Every structure is written in structure tokens, then in C-alpha cells.
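First the structure, then my questions, so here it is.
Positions are given from 1, in the same order as the sequence printed here. Computed from a predicted model, the values in this text were never measured in an experiment.
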Amino acid sequence: MDRPSNPFALRTTENIDSDELFLKLFSTEPMRKLQKQNDESKLWHFVTFIQSPPGFGKTSLLRIFHPTVLKKIVSHNKDMRDVFEALNKLGVKDKNKIKRCGVYLLTRSDYALIEDEEMYSKAEQTSLFLALLNVRFVIATIKSLMKLTGAGPDDLYKIAYTPQDANILDAELDFPRTKCSCKDLLDWASEKEKAIYKAINSFEREGNNVFSCSSLFVLPLMNAQWFSYTGNTLCEEFIFQLDDAHKLTKGQRSTLEKVCVETRLNVTFWIAERLDNLVSSELLETDKQERDYQVIELDKYKDNKSTEFEKMVKLIANRRSTYAMADIDLMMLLANSDEGEWEQKYRAGAQKYLQKLASNPEIRSYENLIKAVESITDVKERAYNARALLMFANRKSEVIETMRLFPYEPDEINSLLAETLKATEEILPAELGLPKYYGEKSLINVANVNVEQFLDFSSALFSRITAKKITSPTDYSLTAKEQDEVIRDKAAEYFARIEKMPYGDEMKVFLLRMMDFCKKQTFTDSYSYRTVSGFAVNDDFGTRRQKKNVPWHKDPDNAQLIELLRTCVAYNLLTLRPDELQGKKGQLWSVFYLNRALCVYAGIPLNYGGWRKLKVDQIKSWL
């Protein structure tokens, strides 16, 4: 197998054809979310929606349960110990036997053809949609059985289907109700699929009622233990998987959810979807009601500095670097400190900060401290201390205190500036135009807990290292300045892609105004709010709930704002934290943070956690 020149350029599961390569690059960290559900006895025999914006690994998580992947893991367990053990804990396999196997169905855009209001009533559209979904799950099940057995199309008659439950009597669409072979099931499914397509593409309505279908009846009937090959069952249970469910229309997605809840399917059914099709209330509701189905949110970690994500992407980087054609370890070749010559910028910065301090009303209190800073010979240290002193003095001015009678003494400087010196490290590089996006930590932070975004930035850095290695084969690590350039360029590309998204022009205007707000709140002399990268809103702060008695995100007057925010969250431009606590006891805020790639584009530090409360009308002024 040829090794790629840039393994980080392999972005998605769909582009990795080889199961072997997929397993070499796969990280088991996302499986922890499944393990949590399993520990709570909520994973198997449940309907589960797996949700996230693009790039969080939904398809990769489903693929690990595909039959060819499971067979390779079972036969090469020593080489894939981490995946092997994770599957053992989930009860997917027992020793060298597969117990649970995926039945994968990818949602196609042709479902939208069914929603033709001129041809079909709402009831007929629902019936055709469910009929097509049932038929395709039968075909998907047969494909999984072929991969489990190694049987070809001519061997399907060898795979027996023996229904053993009264549920078979509930079958619709003339589904076979007695013992038959997979060849018979395939013939049935193929015939129905062709007939459904003919109905969809025809102007003739006669006979369409034969597709009367009201449920996902085939899922419980595709019982893994009812299938046998040469007299032996192949696995104990199927994991039915519907990927890219966001490609369904909103009406079809609603039908799918309703059918799953009302039927109370006693099967394991995983529905993977982006957030595109979710209505605003599902995304923005703070006090969410108990659902009748499970939801796994792959983009939600315990906090924004998730050690789970850090551990996962470090493992991904290690595995991809190992698999590269060139001898390049990405993380080892990223300088974590700035050794550049910035003496002139540090000297000018120190002078600028001390000149600002001269306008402070309490300047006499700081005269000795200013002299102490000016006496520091190292220009970098002088600049940092000057900025820390400016921050300290402005924070003091913001607090109402009695006037100091005597100036601070020079020997007090270390204790007085201990806290502000730490904060200065966050902001000074940005203020002086120095590199600030470099090192392993910055790469992980700019990924915004999104694997695809991590790979995107890593790929750009890896390409820069590869090019540098040609001209400098003995020292090709990237300096802080080189990394900063690559990450800024990639962030600019990220922002440029917005215009191709729904409401692209409107989102760019809104986000640029939000960035401007965040910069003004961040780059202050006191740096009181630290890095501000988000805003917060709730129903008790500057809204008209008392007049209308509706939450802010359901107010018709806010419809344009809500739709824009929903789209920004769905496309991973904003990160929503719907339940941040601050202020009054139990008061919840919906906080919207900029994606960290946009923080880079705006020149904002990558620290998370800073946000300001805003009234809805203030936010609407950015539209």
C-alpha cells in the first residue's frame, strides 16, 4: 500500500477506501461517548441520534462497526489492541466472534423528489418516503450479510431467512412472511424500489396506493438471528445506521423522528446527522425537555479545553505522521517558543505602554515602579513588565479606592505584577504584531474541538514542513513566525469559504461585526475581561419576554437573527453553550463563541471563556 505524501490531507472517512488504512488512522476516543451510553444501559435497543456540525467524526464512528472493518479487527487484534478492547467493552464482539454488526445506509438527495405537493398529498409523501427507506434497509442488510459471509451475488440463495416472530404479521408492502433466502429478499426489495421510482417519476397516479406504509417495519424483521449461512447464525444483533440524515427534508426528518418515537422500535438504530436540519428551538433551547430517544452530541465535551480532544488529536497526529512517506513527525517539528529577533518591537512596545501610563491620574503612585521597569536591560522582559504595569494601574483605576498617600516601592514590583504578567502573555504578542499562533497547544486550540478542522490546519503545516525539508534537509522544524503565517493563511481560507454556505453574505457581515465587538472588548489597557470571543443572551436581560411571554429565540421579531445564529452553529462558525451559569442563582445564559479559526482571522488570542452579556437588539444591530 502506497503511503501518502501528506497523510493529514486525508480528511474524511469517505475518502479512505482501505479498511486497513482507516484502522491505522482511527482514534478510539469518540467511542467513549458510546461507552458512556453503554454504561447507562442506553446504547443497545434504543434509537440514537448522533449529532454534530461537520468534521466531528460521525461517519468514522459508524464505520468502525461495518462488517469488513470488524472482521479485520478480529483477525488482526494484536495490531489493533485499542480498537479491539474498546469493542470488547461495548459488547460488540466476544473473543473472536462478532456479536453486533453495522447495517449502513447513506442518505441520498433523491428522497427530496418525493416531496412533490402537486402530485402527492402529505400522507402519500410520508408513505412513499417510509416505503423507500424500508426497501433500502433490506438491501443494506443483505450487503452486510454478504460481507460477513464473503458470499457473492450468486450465493445469496445460501443465506437463509427464517422469521420466528409474530411481528412478521405486521409486515407491509407484501414483504415475504415465510422462510426464504436472501436472494428472495433482494428480488422483493429491487422490485419495490423500481416501482417506487416509477411512481415518483411518473405523472400517472393509478396504483400508487400499493405503497401504503406507515412505519419502519423492516428493522425488527431484519433480526440478525433469523439469518443463517450453512446452518449457522452470523451475529446476534444488527446496528442499523442511517448516515447523513440531514440530507432529508425537514418534513422527512420530522417523520423519521415521529415514527421512531411512536413505534418504540426494539432495535439499535443510529441516525447520524449534521445540525443543518434541526429547527432553532432544538439548537437554542436552554431548558430541554426529556426526549423519547437518545442523543449523542459529538461536539460536546466537558469543557472547551477538553483533555479528551487533546488526547485524541495527539494520537491522530502521531498515527498519521508515522504513516507518512517522509520522515516527518508533525508535533515534534513545531517550535513551542518564539526565538525570533523582535528587539525593536519590544523596545517600541515598552515605550508605548509607559507613555500611556503617564496619563494615569495616579501617576505619582507608580513613579518608582516605572523607574524599575525602565531599568530592566532585557528589552523583552521590559516590554512585558511595562504592559503588566499598565494593566495593573488601569485595573486599580476601575476600582473606587482611596488615594494612595505614598508611591509604590520598587521592591514591590514582583508581587504587584504577578497576576497581570500572566495575563500579559496572552495579549502582548497581538498588540505588538508578534507571532502568537504557534506550537502544539495553538494547533490543538485552533481546531475548535473538531477533528476535520485539526486535520485542515495540520495538513497546511505538514506541507510547509515538507517544502522546507527540501531546501533545509538538516533543520526543517517550523519557527513560530512560519507557523503563525501558515495558520493565519488557513484561517483566511476558512473565512472565505463562508460565502458558499447558506446565508453566506449575511453571515460574513454578522461575524465581522461580532469580531469587531470582541476585539474592542479584548484589547483594552486593563484587559479586565481577558479574551472576549463570545456573547451571551437570555430571557431576563434586555428582552421583551414580559410583554410577549415568549422566549427570545421564539419571538417572531427575532426570526432573522435566530435563523442566522442557527445556521452559524450548524456550520460550526459559532459554538453554542446553552447552559452557562452566571449572575443570579440558577440563571442560565446561551453563550455563542466564535470558532477559533475565526479568532485567528480576527487576530484575537485563542483563550476561551470570555463573553459579554448583550441585549437581543444589540445583537440584531450586527445583521
Side-chain angles (χ1 to χ4, degrees), residues 6-16 22 25-34 49-64 106-107 241 243-247 270-278 283 295-301 304-306 308-317 319-320 330 442-462 487 490-498 500-502 504 507 511 566-577 592-601 606 608:
N6 186 344
F8 294 91
L10 297 170
R11 299 281 201 283
T12 62
T13 295
E14 293 91 334
N15 295 331
I16 302 176
F22 168 71
L25 303 181
F26 181 76
S27 166
T28 59
E29 284 301 310
M31 295 177 71
R32 291 178 181 270
K33 303 249 180 197
L34 298 181
F49 284 82
I50 301 175
Q51 299 174 342
S52 77
F56 282 86
K58 296 178 293 294
T59 300
S60 295
L61 191 59
L62 298 184
R63 183 171 176 176
I64 204 68
L106 180 65
T107 306
Q241 304 172 335
D243 198 7
D244 283 358
H246 55 274
K247 292 182 180 178
W270 296 348
I271 302 165
E273 60 182 355
R274 295 181 184 179
L275 307 179
D276 308 25
N277 241 0
L278 300 187
L283 279 177
V295 174
I296 294 177
E297 298 172 307
L298 292 184
D299 58 321
K300 298 296 189 293
Y301 288 85
N304 293 320
K305 302 175 182 178
S306 171
E308 294 175 49
F309 180 76
E310 181 176 342
K311 181 180 178 181
M312 176 173 63
V313 293
K314 282 183 177 179
L315 179 60
I316 289 172
R319 288 186 172 178
R320 295 202 176 217
L330 177 66
S442 284
L443 174 57
I444 294 172
N445 285 343
V446 79
N448 209 67
V449 294
N450 182 299
V451 173
E452 189 170 326
Q453 193 163 312
F454 173 79
L455 293 176
D456 207 21
F457 280 89
S458 296
S459 176
L461 291 166
F462 194 92
I487 289 178
K490 183 56 64 174
E493 290 178 21
Y494 185 89
F495 182 76
R497 291 200 296 264
I498 296 175
K500 298 179 181 179
M501 300 175 185
M507 287 197 297
L511 292 169
R566 186 197 68 80
T567 308
C568 285
V569 172
Y571 283 87
N572 198 32
L573 302 174
L574 294 178
T575 298
L576 170 62
R577 303 295 177 203
F592 295 84
Y593 290 107
L594 285 169
N595 182 301
R596 280 169 166 157
L598 297 179
C599 290
V600 172
Y601 183 77
L606 294 178
Y608 243 11

Check: Glu452 main-chain N/O paired with Asn450 side-chain donor or acceptor under 3.5 Å: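 Such a contact is found between Asn450 side chain and Glu452 backbone.
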Cation-pi, Tyr593 ring and Arg577 (6.0 angstrom, 45 degrees):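 Pair Arg577/Tyr593 does not count as cation-pi.
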Pairwise side-chain contact, Lys314 with Lys311, heavy-atom cut-off 4.5 Å (strictly under):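 When only atoms from C-beta onward are counted, Lys311 and Lys314 do not touch, as no gap falls below 4.5 Å.
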Val451 side chain reached by Phe309 side chain, heavy atoms, under 4.5 Å: yes
Approximate separation, where rounding is to 0.5 Å, of Phe457 CZ and Arg596 CZ: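 The CZ atom of Phe457 sits 12.0 Å away from the CZ atom of Arg596.
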Gap between atom CZ of Phe454 and atom CD1 of Ile316 - 0.5 Å precision: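 These two atoms lie 6.5 Å from each other.
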Side chains of Leu594 and Leu511 in contact at under 4.5 Å (non-hydrogen atoms): yes
Backbone of Ile296 reached by a side-chain donor or acceptor of Lys33 within 3.5 Å: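 The answer is no, because no donor-acceptor pair under 3.5 Å joins these two groups.
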Test item: Phe592 and Thr575 side chains (from C-beta on) under 4.5 Å apart, heavy atoms: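 Side-chain contact under 4.5 Å: no.
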Residues that Phe495 engages under ring pair (Phe, Tyr, Trp, His ring centres under 6.0 Å), provided they are two or more places apart: Tyr601
Under the side chain to side chain contact (heavy atoms under 4.5 Å, CB included) test, residues paired with Val600 that sit two or more places apart: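 If we apply the side chain to side chain contact (heavy atoms under 4.5 Å, CB included) test to Val600, skipping adjacent residues, the hits are Tyr437, Val446, Ile487, Arg488, Ala491, Leu606.
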Exercise: do Glu273 and Gln51 side chains pair donor with acceptor under 3.5 Å: yes
Thr107 side-chain N/O to Asp243 backbone N/O, donor-acceptor pair under 3.5 Å: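 Yes; judged by distance alone, with no hydrogens or angles, the pair exists.
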Inter-residue atom distance Cys568.SG - Leu576.CG, 0.5 Å rounding: 11.5 Å
Shortest non-hydrogen separation from Leu275 to Arg566 and the atoms involved: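 That closest heavy-atom pairing would be O-NH1, 3.8 Å.
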Note, Leu298 side chain near Ile50 side chain (heavy atom, < 4.5 Å):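 A side-chain contact exists here, since the closest heavy-atom pair is under 4.5 Å.
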Nearest-0.5 Å distance, CG of residue Leu106 to CD of residue Gln241: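 Reported value, rounded in 0.5 Å steps: 11.0 Å.
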Sub-4.5 Å side-chain heavy-atom contact between Tyr571 and Pro502: yes
Asp299 bridged to Lys58 by N-O distance under 4.0 Å: no
Side chain proximity check, Leu10 to Leu455, heavy atoms < 4.5 angstrom: no
From CZ (Arg32) to CE (Met312), nearest 0.5 Å: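 Here the rounded value is 10.5 Å.
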N/O donor-acceptor pair under 3.5 Å between Arg274 side chain and His246 backbone: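 Judged by distance alone, no pair lies under 3.5 Å.
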Close side-chain approach of Leu461 and Phe8, heavy atoms under 4.5 Å: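 No, side chains not in contact.
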Any donor-acceptor N or O pair under 3.5 Å, side chains Tyr494, Asn595: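 Looking only at side-chain atoms, Asn595 and Tyr494 do form a donor-acceptor pair, the distance falling under 3.5 Å.
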